[in-house]
Amino acid sequence: MISSLRHVARPVFPNLCLRTSANHSGHTVRHLAPKQLLGFAAIGSIGGGVGAMVGIGGGNVMVPLMTLWSSSLTQHQIMATSLVAVAGTGATAASSYAAMGAVNLPAAAVITATALVSAPAGARYAARLPAVQLRLCLAAFVLASAPLVALKGTFMHGRPPADAVSPTELLSAGSLAAVISAGAVAGFASGLLGIGGGVVLTPALALATDMPQQTVLGTSLAAMVLPSIAGACVHHKAGAIHAVAALPL
């Protein structure tokens with residue numbers, strides 16, 4: 001579906017790309033017109049706002065919108081560039097939650113350690129896939145995760161108040177296993193698709209733990225900052241990040 005939408009959207013903005021060059025890895029680097037950069041800035045604002053509210057890095061919003069908006073970036077560049085923005089918006093939002101004491105440090109550490117392994121693996125796998133398959137993976141993930149976002153209120157129902165749980169409270173053995181698994185999946189999806197992974201972590205933390213709603217969101221955001229950076233580094237080495245497009249995001 002996203003592939004067909006992107007194909008339809010391309011002729012709408014035929015002159016947004018000014019000129020092209022190639023980087024050291026052979027990726028075409030298109031120089032973007034001001035109008036396209038303004039579009040990326042708007043996409044970044046939307047993604048960052050949504051991400052902060054629902055505990056995701058915003059990539060679930062930014063990547064589909066960038067796919068529809070931009071005819072100048074390849075699918076690999078869109079996902080790689082989005083991951084840079086995800087790391088930045090996630091770090092900013094996570095710092096706000098941390099200042100309120102709404103980050104469970106043991107859970108965040110466990111997720112970070114797990115996702116630091118799987119996120120680079122996802123990024124390396126993305127480099128091996130053709131653009132069409134990447135778009136299909138993105139479409140499948142967005143469709144599969146849509147019910148999780150819609151059911152967020154149900155997952156969060158009956159949470160204890162924010163000051164009822166210590167930010168250093170340890171996880172039970174059962175919760176730990178679930179959180180580790182969710183961290184591995186979230187990390188791989190983050191590196192592969194350029195998203196924050198919070199769409200996986202938020203419901204997992206809500207179902208597997210008794211954390212307050214704010215702590216679930218803050219922990220999800222904080223845990224994926226370093227894995228997003230690790231995945232972005234792999235994409236950078238592959239030459240897939242469009243630095244100019246990343247700035248307004």
Q. For Gly191, does its backbone N or O pair with a side-chain atom of His235 as donor and acceptor, under 3.5 Å?
A. yes
Q) Out of Ser118, Pro227, Ser228, Ser82, which one pairs with Ser190 under the side-chain contact (heavy atoms from CB on, under 4.5 Å) rule? A) Ser228
Q: Look at the side chain of Ser175 and the backbone N and O of Ala208, then say whether any donor-acceptor pair between them is shorter than 3.5 Å.
A: yes
(Q) Side-chain heavy atoms nearer than 4.5 Å, only ILVMFWY residues, links allowed to pass through others: does that put Ile180 and Val117 together? (A) no
Q) Got a second to check how far Leu83's CG is from Ile241's CD1, nearest 0.5 Å? A) 7.5 Å
**Q.** same_hphob_cluster(Val225, Met79) at 4.5 Å side-chain heavy-atom cutoff
**A.** no
Q: For the pair Ser220 (side chain) and Leu217 (backbone), establish whether a donor and an acceptor sit closer than 3.5 Å, ignoring hydrogens and angles.
A: no
Q. Is there a path from Leu73 to Val234 through hydrophobic residues (I, L, V, M, F, W, Y) whose side chains come within less than 4.5 Å of each other?
A. no
Q. Would you find a donor on one side and an acceptor on the other, under 3.5 Å apart, between the side chain of Gln77 and the backbone of Thr74?
A. yes
Q. Could you walk me through whether Val63 and Phe141 pass the side-chain contact (heavy atoms from CB on, under 4.5 Å) check?
A. CA-CA 12 Å; Val63 172; Phe141 187 85; over 6 Å; no
Q: Determine yes or no for a side-chain-to-main-chain donor-acceptor pair under 3.5 angstrom, with Thr89 supplying the side chain and Val86 the backbone.
A: yes
Q. Looking at CG of Leu193 and CD of Gln75, how far apart are the two atoms once the value is rounded to the nearest 0.5 Å?
A. 9.5 Å
Q | Joint cluster assignment, Ile111 & Leu226, ILVMFWY side-chain distance < 4.5 Å | A | no
**Q.** Asn104 backbone acceptor or donor facing Thr219 side chain under 3.5 Å
**A.** yes
